[in-house]
Amino acid sequence: MHALCATLPASEKVPGVDPKRCAEFLRRFSREAPRLPRLALHVAVLVFQGSPPLTGAGWRPALWLTPEALARHSEKLASHPLYHLRQVSLMLKTMAGLVWGADPAVRAALFMEPYADDPSHWRER
Amino acid sequence: MTRGEHISFRTGEEVSLSIDYAIVGSGPGGSAAAAILSRAGFTVALCEAGAWRDTEHMPASLYGSMRDLFSDFGQLMSSGPAMIPVVQATCVGGTGVINSAIVVRTPESVLDTWARDHGLGDFLTPAAMDRAQSEIEAELDVAAMQGKQLGRHNHLLLAALQQSGREAHATRRNAAKCRGSGSCLQGCPTGAKRTGNLTWVPEVLTRGGWVLSCAPVSQVLFEGRQASGVLGRFSHPRRDYRGPRGARFRVSARRGVLIAASATGSAPLLARSGVRLAALGTGFRAHPGSGIIGVYPDRVNPLCGTTQGVSSLHHKDDLGIKLESLSLPLDLLPGRIAGAGPTLARTLARANHTAMWIAAVNADAVGTVTPARLPTFRGGPFGRNIVRYQPLVSDTARLRQGCAILARLHFEAGASSVLPGIHGLPTELSRDEIHLIDEAPLNNRAWTWILSHLFGTCALGSDPTRSVVGPDLHVHGYRNLHVVDASCLPTTLGVNPQHTIQAVARLTAERLANA
């Protein structure tokens, strides 16, 4: 959750990833997603937490970075010369986007209609 | 079993059917063939790996779409130096449910090439395709988008293309009553998009056929060299289902089996069923693409208006690229913009001021699709087939040209900056910096690709050593076995393929019905 919130924080005009919605999303994702994307997200979070030395943000895990260093770490990871590190950032941005883009507060701030609920039903007969 | 029944996930005893034709896959090809054979009086069983979702079942969010509609939870990727997402759906109606419903007739030059270089059956003439496509357009409410349907982001592109002297048109779509909600990727929320799940598949039921949903086919059955049916096991559509395993199903087909499991699914299914042909799974082609996002001083409302309402074929022949508008769901936007953290947040605060335009490349690259090496546990047998595909340097160069054109068009339309999403370039470019796109690296890893419009892997041709199906779309060396989806198309089209797939499947089914 920390990695997703750090990847897409609030700006002056629009909220960022909401921790409560993020926690709920991650519970759903763990329950509903296949093994491969779940594994990919776990790996991405681990790499995000462990890679500050590779982005020049310090020697401590991302969880213990100052807000300024964390912002620098997120930014540098997204534009890192190593492709696979950039892909880690892309995975986190994609997941953060799923939480952020469906948040009614974000959509209201951007003058977009809120999403209806996902029905999760299908034709059974 | 009574005639005309929809059979979804079930447990318990094996479901056994005996019919005339078994059709694997209910996308544009499978559903078109099923409707024609049903109209001709044959009993048909349509087997679809995904669930049948009607308009009221369509998800609203992108996460819901990944979970309910996308193949492999949206995680299907081509492997190679750059990982490229492959856009496909697994549901009744197939990828037609999540595409932008664009209807483009098969270019005659493509049919000429196929006839000259590969061999085309005498039922696939330009005149026959023309007739079939006219009939399909009448059945599926095809119309050019206009007025309010388009929305501002489409009008901006239309005006910019026209001002620059390029060909431009509002797309013709099988959604005449489109309300422009910009959510094609989540399945049409109003039912305006006339996809297989709302049209031809229900028709199969009313004409006494069977539809098996949540029914991934694991194997085609043979008696000697003659296809005699299909076999599979029902798979629950929810991943968190923990009840008993789905029942087996067996469909015996007296007259034949038609495979329409997509360009990434048909070849692996045939390979798993024991079909051994040198060309099987080879010749995978696509229209890879990427886009440029323009940032405008005033609000664009990119999700108000048809998802892909404007298109230009101006550079189809000279550069091999197609230019289009695209409504990107807000949920996907962060993954498409460079940067992260506060910089990304500041850029996204202007999301409602952006318009995304894309370039799709008629690529020369050729790849392969092979069956999964490891068994899948709960994903069903279609899960995780291996797609190997990388655009060539020449393809990337054409994409670069297309993106540079789009960036200039954005500025002509009044954009204040563009977001290229290309590694190595600044996150945001001003008009004076467009030359940086012209000089962008040709390394595939620098670009944010997406792979849509998939072709090949069971390509048609008269030479059995270089093709999988013959000019009449029967699998070489086997009787009563045909392939009627995008996988039988031997080359890319340079235009959206849905209409061609439907017409080829329709004409093949007509030929079988009249045999």
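A note on names: the letters A, B, ... follow the listed sequences, proteins ahead of strands, and every chain is numbered from 1.
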Do B:Arg299 and A:Phe111 form a cation-pi contact, if we require the NZ or CZ to be under 6.0 Å from the six-membered ring centre and within 45 degrees of the ring's axis? yes
Side chain, backbone, both or neither: which part of [X] has a heavy atom under 4.5 Å from chain A?
{"X": "B:Leu425", "answer": "neither"}
{"X": "B:Pro81", "answer": "backbone"}
{"X": "B:Leu303", "answer": "side chain"}

Taking all non-hydrogen atoms of both residues into account, name the closest pair between [X] and [Y] and its distance.
{"X": "A:Lys93", "Y": "B:Ile337", "value": "NZ-O, 2.6 Å"}
{"X": "B:Gly335", "Y": "A:Thr94", "value": "CA-OG1, 4.4 Å"}
{"X": "A:Leu8", "Y": "B:Pro334", "value": "CD2-CG, 3.8 Å"}

First locate atom [atom1] of [X], then atom [atom2] of [Y], and finally report the distance between them rounded to the nearest 0.5 Å.
{"X": "A:Glu124", "Y": "B:Ser213", "atom1": "CD", "atom2": "OG", "result": "9.0 Å"}
{"X": "A:Leu90", "Y": "B:Met83", "atom1": "CG", "atom2": "CE", "result": "8.5 Å"}
{"X": "B:Asp54", "Y": "A:His121", "atom1": "CG", "atom2": "NE2", "result": "12.5 Å"}
{"X": "B:Phe73", "Y": "A:Arg38", "atom1": "CZ", "atom2": "CZ", "result": "9.5 Å"}
{"X": "A:Arg123", "Y": "B:Cys91", "atom1": "CZ", "atom2": "SG", "result": "13.0 Å"}

For each of [options], tally heavy-atom pairs with chain B at distances under 4.5 Å, and name the one with the top tally.
{"options": "A:Gly16, A:Ala71, A:Ala116, A:Ser120", "value": "A:Ser120"}
{"options": "A:Ala96, A:Ala33, A:Ser89", "value": "A:Ala33"}
{"options": "A:Pro34, A:Cys5, A:Ala40", "value": "A:Pro34"}
{"options": "A:Ala102, A:Gly97, A:Ser74", "value": "A:Gly97"}
{"options": "A:Met91, A:Met95, A:Met112", "value": "A:Met112"}

Where along residues 341-349 of chain B does a heavy atom come under 4.5 Å of chain A, listed by residue number? B:Gly341, B:Pro342, B:Thr343, B:Leu344, B:Ala345, B:Arg346, B:Leu348, B:Ala349
Side chain to side chain contact (heavy atoms under 4.5 Å, CB included) for B:Leu330 and A:Val106? Distances and angles first, verdict last. CA-CA 10 Å; B:Leu330 186 63; A:Val106 171; 4.2 Å; yes
Just by distance, with hydrogens left out, do A:Arg125 and B:Ser8 show a side-chain donor and acceptor under 3.5 Å apart? no
A:Arg86 and B:His423: side-chain donor and acceptor closer than 3.5 Å? yes
Pairs meeting criterion salt bridge (charged side-chain N to carboxylate O under 4.0 Å, His left out) with involvement of residues 59-69 of chain B, two or more places apart: A:Glu32-B:Arg67, B:Arg53-B:Asp68
Less than 4.5 Å apart, any side-chain heavy atom of [X] and any of [Y]?
{"X": "B:Gln186", "Y": "A:Tyr115", "value": "yes"}
{"X": "A:Leu98", "Y": "B:Met66", "value": "yes"}
{"X": "B:Glu56", "Y": "A:Pro119", "value": "no"}

Qualifying ring pair (Phe, Tyr, Trp, His ring centres under 6.0 Å) pairs, either residue in residues 34-85 of chain A, two or more places apart: A:Phe48-A:His73
Exceeds 12 heavy-atom contacts within 6.0 angstrom, atom CZ of B:Arg152: yes
For A:Val99 and B:Tyr63, run side chain to side chain contact (heavy atoms under 4.5 Å, CB included): C-alpha distance rounded to whole Å, both residues' side-chain angles, the deciding distance at 0.1 Å, then the answer. CA-CA 9 Å; A:Val99 185; B:Tyr63 174 78; over 6 Å; no
Heavy-atom cut-off 4.5 Å, strictly under: side chain, backbone, both or neither for [X] against chain B?
{"X": "A:Gln87", "result": "side chain"}
{"X": "A:Ala10", "result": "backbone"}
{"X": "A:Phe29", "result": "both"}

Specify which of B:Ala340, B:Ala51, B:Gly424 makes the most heavy-atom pairs with chain A at under 4.5 Å. B:Ala340
Which of B:Gly64, B:Ser61, B:Pro59 touches chain A most, by non-hydrogen pairs under 4.5 Å: B:Ser61
Looking at residues at least two apart in the chain, or sitting in another chain, which of them share a ring pair (Phe, Tyr, Trp, His ring centres under 6.0 Å) with B:Tyr296? B:His410
